[in-house]
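Here is the structure we will look at, set down as structure tokens.
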There are 2 protein chains.
Amino acid sequence: MSVTIYDVAREANVSMATVSRVINGTAVVKEETKKRVQDAIERLGYRPNAVARGLASKRTRTIGVIVPDVSAAFVAEIVRGIEDIANMYNYHIILTNSDADTHREVSLIGTMWEKQVDGILYMTNILNQEHITAFEQAEIPVVLCATEDPEKRIPSVNIDNRKAGSDAANYLEKKSCQNIAIVSPDIGTSLIADHRIEGVRKKLGNKCTFIHVGKGKYEQALPILRNIFQNKNYDGVIAMSDELGLASVHAIHDNGFQVPHDVRIIAFDNTRLATMVRPELTVIAQPMYDFGAVSMRLLTKMLLDEPVDTYNVILQHNIIERQSS
Amino acid sequence: MSVTIYDVAREANVSMATVSRVINGTAVVKEETKKRVQDAIERLGYRPNAVARGLASKRTRTIGVIVPDVSAAFVAEIVRGIEDIANMYNYHIILTNSDADTHREVSLIGTMWEKQVDGILYMTNILNQEHITAFEQAEIPVVLCATEDPEKRIPSVNIDNRKAGSDAANYLEKKSCQNIAIVSPDIGTSLIADHRIEGVRKKLGNKCTFIHVGKGKYEQALPILRNIFQNKNYDGVIAMSDELGLASVHAIHDNGFQVPHDVRIIAFDNTRLATMVRPELTVIAQPMYDFGAVSMRLLTKMLLDEPVDTYNVILQHNIIERQSS
DNA sequence: CTGTTAGCGCCTTCAC
DNA sequence: GTGAAGGCGCTAACAG
């Protein structure tokens with residue numbers, strides 16, 4: 001059978017309490033006995049059982065991470081940020097995909113509850129009352145990651161999406177674009193996209209047209225956009241993601257027009273895709289890794305009762321000018 | 001305080017054993033008392049504590065997943081496959097990134113041991129004795145995912161990389177390529193790449209040249225390749241990943257040559273990148289999602305003592321012909 | 001079909 | 001500075 005704290009205690013001629021103390025550094029132990037215990041641990045190849053620990057201490061050092069889909073580049077980058085910081089603070093993450101399905105999300109929050117996670121990092125497109133209720137019921141600290149709660153009831157890490165939207169609009173306007181197409185997922189699909197659109201509209205008023213392309217996937221968007229850009233109606237495009245920006249580029253090329261000569265394009269995100277294509281995409285860069293890292297850090301602060309100055313962190317976005325504009 | 005199985009028992013006027021039975025369906029319970037228990041559970045909003053469960057039953061329904069880096073498209077896709085199947089069998093995953101660093105990997109295996117995971121899904125570039133030893137010490141079922149153990153000591157899911165390499169070579173040869181460049185990460189970086197190269201070499205002999213580009217990242221590879229393709233020395237390229245394939249395309253274009261007119265390119269992987277660029281990449285497609293899904297399924301079989309016919313699964317790869325060749 | 005009784009491996013007072 | 005003892009919430013025999 002596996003070796004327990006009790007075995008170590010006997011081997012070192014101390015009580016299990018003492019072993020526990022040296023393992024956790026939870027109290028002062030005489031240097032000599034500490035050494036004896038450490039030797040015993042090594043000799044026996046002892047590993048503390050985290051499950052038993054979790055049961056006794058009521059803290060599992062595990063964070064539940066709920067995202068729409070890890071296989072999306074944007075999300076994967078965030079998850080990496082989360083895991084890095086979690087790891088730094090000696091936490092581990094249970095990762096689940098929700099496909100942004102509310103029913104599934106609520107169910108997952110319940111699962112995290114059962115798993116006794118110390119906290120939840122949550123990412124989704126639309127946050128509604130069902131989520132809030134589930135969070136409250138589970139009584140677990142939650143941080144929203146790249147996800148907005150309009151009423152700011154829950155700690156979160158975001159960029160200022162309205163500002164980002166208007167920045168994008170501003171940029172194209174300064175480039176003298178007159179007819180700007182906003183390429184985005186269907187309205188109501190993502191609160192964040194909706195906020196950006198608000199920002200754009202506020203700036204551009206009627207100088208822009210909204211083009212909705214389903215769920216925002218390249219494959220789905222391309223044929224739609226190819227149709228849209230058949231004629232030279234637009235001289236500027238704001239795309240809600242690199243993927244949609246790229247689909248726009250290709251749709252425009254396919255109709256015999258040039259980017260940026262005929263149409264200037266700016267896209268959101270700045271995933272690696274943006275610099276791996278020709279023309280390279282001008283972007284409103286989002287700090288994806290930092291979304292993850294900062295939200296995880298905020299969560300650790302909450303868990304460790306460290307002081308936090310803002311529970312709704314706004315990270316900076318910035319424009320990176322490249323070939324597509 | 002949170003409600004326990006004991007509270008439910010009292011509320012339903014039964015023993016906690018009975019509650020446990022209806023929760024787990026572990027024995028037949030009279031329909032009426034079952035109903036009473038279920039009502040009590042609902043009334044109290046009871047959720048079984050998975051940690052306590054894990055301690056008592058010695059099974060946590062948690063799988064440790066160790067990958068080099070989730071933010072890599074290839075990996076993220078696999079992780080999605082893993083999580084989907086895990087979820088289907090009511091398991092959850094603890095995800096960690098190793099950056100393919102042996103020291104860190106061994107340490108992570110230890111962590112998984114402490115966490116009492118029921119099994120480990122493992123992905124890395126090079127598997128050596130240290131890993132094997134760590135696995136044996138932890139005594140946890142392991143499945144290698146898109147990772148080869150040359151001696152097949154550990155269950156695994158892969159494609160036949162040597163065959164895939166020779167298929168790629170074959171393909172370009174049939175297209176009458178005479179001078180083929182093999183663009184790959186530095187040798188010894190990845191066993192899988194090395195095996196593919198073996199396959200290529202066996203087929204092509206001296207008709208090919210090996211070009212090593214560090215860690216296989218686009219940004220790093222591009223300048224190197226731009227240099228390599230300055231002159232019209234090659235008429236074919238086999239790239240070890242979509243990313244390197246794309247870097248080759250751009251390097252060739254930058255030197256004023258055309259793909260596929262002057263140089264035909266075939267790449268490995270078939271991540272979404274392959275169809276999101278122009279020209280679209282001809283690929284040796286790897287079943288990434290299935291790597292994850294199948295390896296997770298194999299692991300569940302091992303955990304549930306279901307019969308398994310092969311512990312070293314070989315998935316099919318296939319050539320998808322697109323614009324780059 | 002249901003209840004009783006031990007633990008699972010560890011943390012955490014409380015004494016000494 | 002160290003030991004003893006009582007849980008944490010649940011599963012798993014073993015009785016009845």
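The analysis underlying the following values was restricted to heavy atoms, covering all of them including side chains, and did not include hydrogens, waters or symmetry mates.
Looking at the side chain of A/N49, the nearest of the listed nucleotides D/dG3, C/dG3, C/dC10 is C/dC10. When distances are taken from the side chain of A/K58 to each of D/dC8, C/dT4, D/dA4, the shortest belongs to D/dC8.
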Please table the atom pairs, donor to acceptor, closer than 3.5 Å between any side-chain atom in residues 70-77 of chain B and protein atoms at least two apart or in another chain.
unit_1	atom_1	unit_2	atom_2	d
B/S71	OG	B/D69	OD1	2.8
B/S71	OG	B/D69	OD2	2.9

Taking only distance into account, with no hydrogens and no angle test, what donor-acceptor pairs under 3.5 Å do side-chain atoms of residues 298-307 of chain A form with protein atoms, sequence neighbours excluded?
unit_1	atom_1	unit_2	atom_2	d
A/T300	OG1	A/R297	O	2.6
A/T300	OG1	A/R297	NH1	2.6
A/E306	OE1	A/R297	NH2	2.8

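In this structure, B/T111 has no side chain to side chain donor-acceptor pair (under 3.5 Å) partners at least two apart in sequence or on a different chain. Residues satisfying the side chain to side chain donor-acceptor pair (under 3.5 Å) criterion with A/N49, sequence neighbours excluded, are absent altogether. For A/R53, the side-chain contact (heavy atoms from CB on, under 4.5 Å) partners at least two apart in sequence or on another chain are A/I23, A/N24, A/P48.
Contacts classified as salt bridge (charged side-chain N to carboxylate O under 4.0 Å, His left out) and involving residues 11-25 of chain B (residues at least two apart or in different chains) are given here: B/E11-B/R43. Here ring-ring contact (aromatic ring centres under 6.0 Å, His included) pairs that include residues 124-143 of chain A, with residues two or more places apart or in two chains, are A/Y122-A/H131, A/Y122-A/F135. Residue pairs meeting the salt bridge (charged side-chain N to carboxylate O under 4.0 Å, His left out) criterion with at least one partner in residues 102-116 of chain B, sequence neighbours excluded, are A/R47-B/E114. Note on residues 14-39 of chain B: no pairs pass ring-ring contact (aromatic ring centres under 6.0 Å, His included), not counting sequence neighbours.
Rounded to whole angstrom, the span from the OH atom of B/Y6 across to the P atom of D/dT11 amounts to 16 Å. Between the CD atom of A/E114 and the P atom of D/dG9 there is a distance of 15 Å, given to the nearest Å. For the pair B/R61 CZ and D/dT11 P, the interatomic distance rounds to 12 Å; values are reported in whole Å. Computed from coordinates, the A/Q116 CD to D/dC8 C1' distance equals 10 Å when rounded to whole Å. Rounded to a whole Å, the CZ atom of A/R10 is 15 Å from the P atom of D/dG3.
Among the protein residues, B/V51 comes within range of no part of the nucleic acid, since none of its heavy atoms lies under 4.0 Å from any strand.
Proximity of B/T4 to the phosphate of D/dG9: no side-chain N or O atom is located under 4.0 Å from OP1 or OP2. For D/dG3, the OP1/OP2 oxygens have a side-chain nitrogen or oxygen of A/T18 closer than 4.0 Å.
Considering only heavy atoms from C-beta on, B/V19 stays 4.5 Å or farther from B/Y6 through its side chain.
By the 4.0 Å N-to-carboxylate-O rule, B/D39 lies too far from B/R36 to be salt-bridged with it.
Rounded to 10 degrees, the angle between the two end axes of the helix from C/dC1-D/dG16 to C/dC16-D/dG1 is 30°, with five pairs used at each end.
Within residues 29-44 of chain B, the residues having any heavy atom under 4.0 Å from DNA chain C are, by residue number, B/V29, B/K30, B/T33.
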Distances under 3.5 Å only, N/O to N/O: pair up the protein atoms with those of nucleotides 11-13 of chain C.
unit_1	atom_1	unit_2	atom_2	d
C/dC11	OP1	A/N24	OD1	3.4
C/dC11	OP1	A/N24	ND2	3.1
C/dC11	OP1	A/R53	NH1	3.2
C/dC11	OP2	A/S20	OG	2.9
C/dC11	OP2	A/N24	ND2	3.4

